[in-house]
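Scroll down for the structure; my scribbles are underneath it.
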Amino acid sequence: MAAHELFDLTGKVALITGSTKGIGRAIAQAMARHGARVVISSRKADACQAVAAEINEVLAGAAGEAVGIAAHIGERAELERLVETTRQRLGPIDVLVCNAAVNPFYGPSKDIPDSAFDKVMNVNIRSNHALAHLVLPDMVERRDGVIIVISSIGGLRGSTDLGAYCISKAADLQLVRNLAAEYGRHNVRVNAISPGLIRTDFARALWENPDNLRARTARDPLRRIGEPEEIAGCAVFLAARAGSFATGQNFVIDGGATIT
């Protein structure tokens, strides 16, 4: 087998939530470059179309392509429409990347309103569970499929300020293990990626001040912030033949932050 075939996604249909910016966008760009037909999805239709058009312009007729399909992942009916529209436009989904997440509250756990806690659990956990089960029947029928959940190193350690978010990310890791155990016999692989500090809008408060960034990364072995494309590379690996024996695992990509 030629080296490039290990990472070839030609003809695969990949649905990536939260893919108009940050890590999701980088994953969509990378998968399209490797030949996948990707669905760009977020709440705003214009943003989805803009990112899809940008990817198609860069590819300029190459194997991959991108389409934009807006959806609010916090609503079951929207998830159903997202999956059905993808199937109508591109065919059954081969790769699902659950990347979209929210964090509406920063502070001690005693102060979080019930509404904020419920929103985190609904968007970060329940929607991933529902979306996975919407795509799994086709994957089981074909005996082939990949689900990737973008978790966080927050799911691996305690937090004094991001409690609900970290609980949701820990739950995502268990969701991955459960689905991998249930569907491995159907040749469906389910894995998580847990990024550390990445240069995204979602984490802007942690890196936009240079002094804060230096302090935040001073003890990390690589002593720098990560870039979205450094997460995208792992996603391509997991979606492609290169990662075909990996399932139920959590791939931590954090510049070494969790080991020091």
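Values below: every heavy atom of this structure, side chains too, minus hydrogens, waters and symmetry copies.
Taken to the nearest 0.5 Å, the CD1 atom of Ile231 stands 9.0 Å off from the OG atom of Ser194. Note that the CD1 atom of Ile40 and the CD atom of Glu54 stand 9.5 Å from one another [nearest 0.5 Å]. Expressed to the nearest 0.5 Å, how far CG of Asn212 lies from OG1 of Thr217 amounts to 10.5 Å. Rounded to the nearest 0.5 angstrom, Ile55 CD1 and Ser19 OG are separated by 7.5 Å. To the nearest 0.5 Å, atoms CG (Asn250) and OG (Ser151) are separated by 6.0 Å. A distance of 14.0 Å separates CZ of Arg189 from CG of Leu179, quoted to the nearest 0.5 Å.
Counting only residues at least two apart or on different chains, the side-chain hydrogen bond (donor to acceptor under 3.5 Å, both in side chains) pairs with a member in residues 112-122 are Asn122-Arg126. Applying the side-chain hydrogen bond (donor to acceptor under 3.5 Å, both in side chains) test to pairs two or more places apart or on separate chains, those with a residue in residues 98-107 are Tyr106-Asp161. Residues in residues 30-40 take part in these side-chain hydrogen bond (donor to acceptor under 3.5 Å, both in side chains) pairs, two or more places apart or across chains: Arg37-Glu65.
Nearest approach of Ala100 to Thr17, heavy atoms of both residues: N-OG1, 3.0 Å. Arg142 approaches Asp94 most closely through the heavy-atom pair NH2-OD1, 3.2 Å. Residues Cys166 and Gly154 share a closest heavy-atom pair of CB-O, 3.1 Å. Summarising the geometry of Gln249 relative to Val176, their closest heavy-atom pair is O-CG1, 4.1 Å, with the distance given to 0.1 Å. Minimum heavy-atom separation, Gly74 to Val123: CA-CG2, 4.3 Å. Considering all non-hydrogen atoms of both residues, Phe7 and Ala240 come closest at CA-CB, 3.6 Å.
Annotation: side chain to side chain donor-acceptor pair (under 3.5 Å) contacts of Arg87 (sequence neighbours excluded): Asp138. Residues satisfying the side-chain contact (heavy atoms from CB on, under 4.5 Å) criterion with His129, sequence neighbours excluded, are His133, Leu175. Considering only residues two or more places apart in sequence or on other chains, Ser168 meets the side chain to side chain donor-acceptor pair (under 3.5 Å) condition with Asn124. For Arg143, the side-chain contact (heavy atoms from CB on, under 4.5 Å) criterion is met by His186, Asn187, not counting sequence neighbours. By the side-chain contact (heavy atoms from CB on, under 4.5 Å) test, Ala70 is found to be paired with Ala45, Cys48, residues two or more places apart in sequence or in another chain being considered. Remark: Arg76 pairs with Glu80 by the salt bridge (charged side-chain N to carboxylate O under 4.0 Å, His left out) rule, at least two apart or across chains. Annotation: side chain to side chain donor-acceptor pair (under 3.5 Å) contacts of Asn128 (sequence neighbours excluded): Asp172. Partners of Leu222 according to the side-chain contact (heavy atoms from CB on, under 4.5 Å) rule, which considers only residues two or more places apart in sequence or in another chain, are Arg224. In this view, Thr10 and Asp8 satisfy the side chain to side chain donor-acceptor pair (under 3.5 Å) rule, not counting sequence neighbours.
At a threshold of 4.5 Å between side-chain heavy atoms, the hydrophobic network of Ile, Leu, Val, Met, Phe, Trp and Tyr places Val135 and Ile150 in two separate groups. Under the 4.5 Å side-chain heavy-atom criterion for Ile, Leu, Val, Met, Phe, Trp and Tyr, Leu238 and Leu15 are members of distinct hydrophobic clusters. A continuous path of Ile, Leu, Val, Met, Phe, Trp and Tyr side chains, each step under 4.5 Å between heavy atoms, connects Ile193 with Ile198, placing both in one hydrophobic cluster. Residues Ile69 and Ile93 fall within the same hydrophobic cluster, defined by Ile, Leu, Val, Met, Phe, Trp and Tyr side chains chained together at heavy-atom separations under 4.5 Å. With hydrophobic clusters built from ILVMFWY side chains whose heavy atoms lie under 4.5 angstrom apart, Tyr183 does not share a cluster with Ile148.
At a threshold of 4.5 Å between non-hydrogen side-chain atoms, the residues Val39 and Arg89 do not count as touching. The shortest side-chain heavy-atom distance between Val120 and Pro104 falls under the 4.5 Å cut-off. Lys169 is not listed as a side-chain neighbour of Leu156, based on a closest heavy-atom distance of 4.5 Å or more. The shortest distance between side-chain heavy atoms of Leu96 and Val83 does not fall below 4.5 Å. The side-chain heavy atoms of Tyr165 and Ser159, taken from C-beta on, include no pair separated by under 4.5 Å.
By the neighbour-count criterion of 12 heavy atoms within 6.0 Å, atom CZ of Arg199 is densely surrounded, having more than that number from other residues, nucleotides or ligands. Residue-environment remark: CD (Gln88) exceeds the threshold of 12 foreign heavy atoms within 6.0 Å.
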request  = Go through Lys21 and Val51 one step at a time and tell me if the side chain to side chain contact (heavy atoms under 4.5 Å, CB included) criterion holds.
outcome  = CA-CA 8 Å; Lys21 55 186 177 181; Val51 173; over 6 Å; no
ask   = Should Arg216 and Leu197 be marked as a side chain to side chain contact (heavy atoms under 4.5 Å, CB included) after you check the CA-CA gap, both sets of side-chain angles, and the distance that decides it?
value = CA-CA 9 Å; Arg216 170 63 180 74; Leu197 180 59; 3.6 Å; yes
task = Determine, step by step, whether Ile147 and Met139 satisfy the side chain to side chain contact (heavy atoms under 4.5 Å, CB included) criterion, reporting the C-alpha distance in whole Å, the side-chain angles of both residues, the deciding distance to 0.1 Å, and the verdict.
result = CA-CA 10 Å; Ile147 297 174; Met139 293 180 175; 4.1 Å; yes
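Salt bridge Glu84/Arg81: absent, no basic N to carboxylate O contact under 4.0 Å.
Side-chain contact annotation: Gln29 with Glu229, donor-acceptor N/O pair under 3.5 Å absent.
The closest donor-acceptor contact from the side chain of Lys12 to the backbone of Val38 lies at 3.5 Å or more, if one exists at all. Side chain of Glu78 to main chain of Ala71: no donor-acceptor pair is present (N/O by atom type, distance under 3.5 Å, no hydrogens or angles).
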